[in-house]
There are 2 protein chains.
Amino acid sequence: MKSQFGERVRTLREKQNLYLRQVAPLLEMDTAQLSKIEKGLRQLKREQIPIIAEILKASSDELMTLWLADQIYEVVKDEKMANEAMQVAEQKLNFIKRKKK
Amino acid sequence: MKSQFGERVRTLREKQNLYLRQVAPLLEMDTAQLSKIEKGLRQLKREQIPIIAEILKASSDELMTLWLADQIYEVVKDEKMANEAMQVAEQKLNFIKRKKK
DNA sequence: CTATATTTGCCAAGATTTGACAAGTCAATA
DNA sequence: TATTGACTTGTCAAATCTTGGCAAATATAG
C-alpha cells in the first residue's frame, strides 16, 4: 500500500476505461508524471484534486481525504512515537475547531 | 498554540534558567534561529531533537511526539477532511505495524 | 514483429527552507 | 534618559527538496 490516493485514482481511471494519455493532458502533465502519481512516487498538487475528481467522476472529498492521509502517513511512518503524535495532533485539531465555533 | 514543540522547548529552557545564547551554540545555530524555532516560525531538524532533549534534560520521546504532532497539524489544519484523513492514516499505520510483527 | 500503454531514469528548472547577519524591540537599572 | 542584555524580526543568498519534461525501457496484445 504505497499511496492510497494513487491506488484509488488508478482504480477509478480503469473503471472509466481511460488511459493515462487521455487523463494526463487534462491535468496539464505527461503520462509519465501521472503514472508516478498513481504509483505514489509523486504527489498531485492539492489544488488539482477537485479537477481529477471531476474527470474521474469521483467524490472530491474522498480523494482529498486519501491525499491528506498520504501526507500524514509520510510524516509518521517509521516513527516510534507515531501513534502518540497522531493523538496530540488530533486533540489540537479539535481544540482549535471548538474555539472557532 | 502555534507550535507545541516550540512552546515546550521554551518552557523547559526557562525551567533550566538558560538563555537562548547559551543553548543555540550547542545546536550550532544563532539565537535568532532558536528564537524562531521556539515561536514555531522554523522547524528544528528531526535529528537535532535528541540533542536538544539532552540539553534541556527532557524526554526525547516527548519532544519527538510534539515535533511530529506539529508536522501533522501543518498538513491538516484548515482542511475540511482533516478528521477523516487522520483516521485513514491511523488505520494504515496500524495495518502496517501489524504486518511487521 | 508492431503498436500502444505504461514505467523508469535522468537532470535542469522551479519552489521551498535554511543560515547568517543586521537592525529592531523590550525591560531592567544605573 | 542612556546603557546593557535578552530576545525578535526582516531580508536575502545559499542550500535543499520537488517537479516537469523528455527519452528510453518495459509490458501486453495482436
Side-chain angles (χ1 to χ4, degrees), chain A residues 1-52 55-56 63-64 66-79, chain B residues 1-52 55-56 63-64 66-79:
Chain A
M1 188 182 5
K2 274 198 172 167
S3 148
Q4 311 215 59
F5 177 79
E7 285 181 6
R8 185 78 181 111
V9 165
R10 175 146 301 187
T11 301
L12 288 164
R13 178 173 63 79
E14 287 171 345
K15 209 179 292 179
Q16 301 280 333
N17 290 307
L18 294 169
Y19 298 126
L20 288 178
R21 119 182 107 72
Q22 297 175 287
V23 175
L26 301 174
L27 294 163
E28 300 181 80
M29 59 177 68
D30 68 3
T31 61
Q33 275 174 91
L34 186 50
S35 169
K36 285 170 191 166
I37 287 167
E38 289 186 351
K39 310 199 96 204
L41 303 172
R42 295 270 169 108
Q43 304 299 129
L44 189 68
K45 289 209 187 96
R46 193 198 168 287
E47 63 267 28
Q48 291 180 305
I49 295 173
I51 301 172
I52 202 171
I55 295 169
L56 301 177
L63 291 182
M64 182 63 78
L66 296 177
W67 185 90
L68 288 170
D70 283 348
Q71 317 301 309
I72 296 167
Y73 184 74
E74 194 56 33
V75 170
V76 297
K77 70 170 179 195
D78 306 329
E79 291 288 353
Chain B
M1 188 178 11
K2 274 197 173 170
S3 148
Q4 311 216 56
F5 176 79
E7 286 183 6
R8 185 78 182 111
V9 165
R10 174 144 302 185
T11 301
L12 289 164
R13 178 172 63 79
E14 288 172 344
K15 209 179 292 179
Q16 300 281 331
N17 289 306
L18 294 169
Y19 298 126
L20 289 178
R21 119 181 107 71
Q22 298 174 286
V23 175
L26 300 174
L27 295 164
E28 300 180 78
M29 59 178 67
D30 68 3
T31 61
Q33 275 175 89
L34 186 50
S35 169
K36 284 170 190 164
I37 286 167
E38 289 186 350
K39 308 199 99 204
L41 303 172
R42 295 268 170 110
Q43 302 300 126
L44 189 68
K45 290 209 187 93
R46 194 198 166 288
E47 63 267 27
Q48 291 181 304
I49 296 174
I51 301 171
I52 202 170
I55 296 169
L56 301 177
L63 290 182
M64 181 63 78
L66 296 177
W67 185 90
L68 288 170
D70 283 347
Q71 318 299 310
I72 296 167
Y73 183 74
E74 194 56 34
V75 170
V76 297
K77 68 169 182 198
D78 307 328
E79 291 289 352

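Naming: A, B, ... by sequence-line order, numbering from 1 per chain.
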Sequence neighbours excluded, the answer for side chain to side chain contact (heavy atoms under 4.5 Å, CB included) partners of A:Leu27 is A:Val23, A:Met29, A:Leu34, A:Gln48, A:Ile51, A:Ile52, A:Ile55
Quick one: which protein N/O atoms are closer than 3.5 Å to N/O atoms of nucleotides 15-21 of chain C? Pair and distance per line, please.
| unit_1 | atom_1 | unit_2 | atom_2 | d |
| --- | --- | --- | --- | --- |
| C:dG19 | OP1 | B:Lys45 | NZ | 2.8 |
| C:dG19 | OP2 | B:Gln33 | OE1 | 2.8 |
| C:dG19 | N7 | B:Arg42 | NH1 | 2.7 |
| C:dG19 | O6 | B:Arg42 | NH2 | 3.0 |
| C:dA20 | N6 | B:Lys36 | NZ | 3.4 |

So, using salt bridge (Lys or Arg N to Asp or Glu O under 4.0 Å) as the criterion, who are the partners of A:Arg21 when residues are at least two apart? none
Measuring from A:Leu44:CG to A:Ile37:CD1, what's the distance to the nearest 0.5 Å? 4.5 Å
Whole-Å distance separating the NZ atom of A:Lys39 from the C1' atom of C:dA5: 13 Å
Any residue meeting side-chain hydrogen bond (donor to acceptor under 3.5 Å, both in side chains) with B:Glu74, in chain and number order, not counting sequence neighbours: B:Lys77
In the 5' to 3' direction, the nucleotides of DNA chain D bounding the stretch that comes under 4.0 Å of a heavy atom in chain B are D:dA6 to D:dT11
Residue set satisfying side-chain hydrogen bond (donor to acceptor under 3.5 Å, both in side chains) with A:Gln33, at least two apart, ordered chain then number -> A:Asp30
Under a 4.0 Å heavy-atom cut-off, which of residues 14-27 of chain A touch DNA chain D? none
Rounded distance (nearest 0.5 Å) linking atom CZ of A:Phe5 with atom CD1 of A:Ile49: 5.0 Å
Salt bridge (charged side-chain N to carboxylate O under 4.0 Å, His left out) contacts in which one or both residues fall within residues 36-45 of chain A, not counting sequence neighbours: A:Arg10-A:Glu38, A:Arg13-A:Glu38
Going by side chain to side chain contact (heavy atoms under 4.5 Å, CB included), name the residues that satisfy it together with B:Gln71, two or more places apart in sequence or in a different chain. A:Val75, B:Gln43, B:Trp67
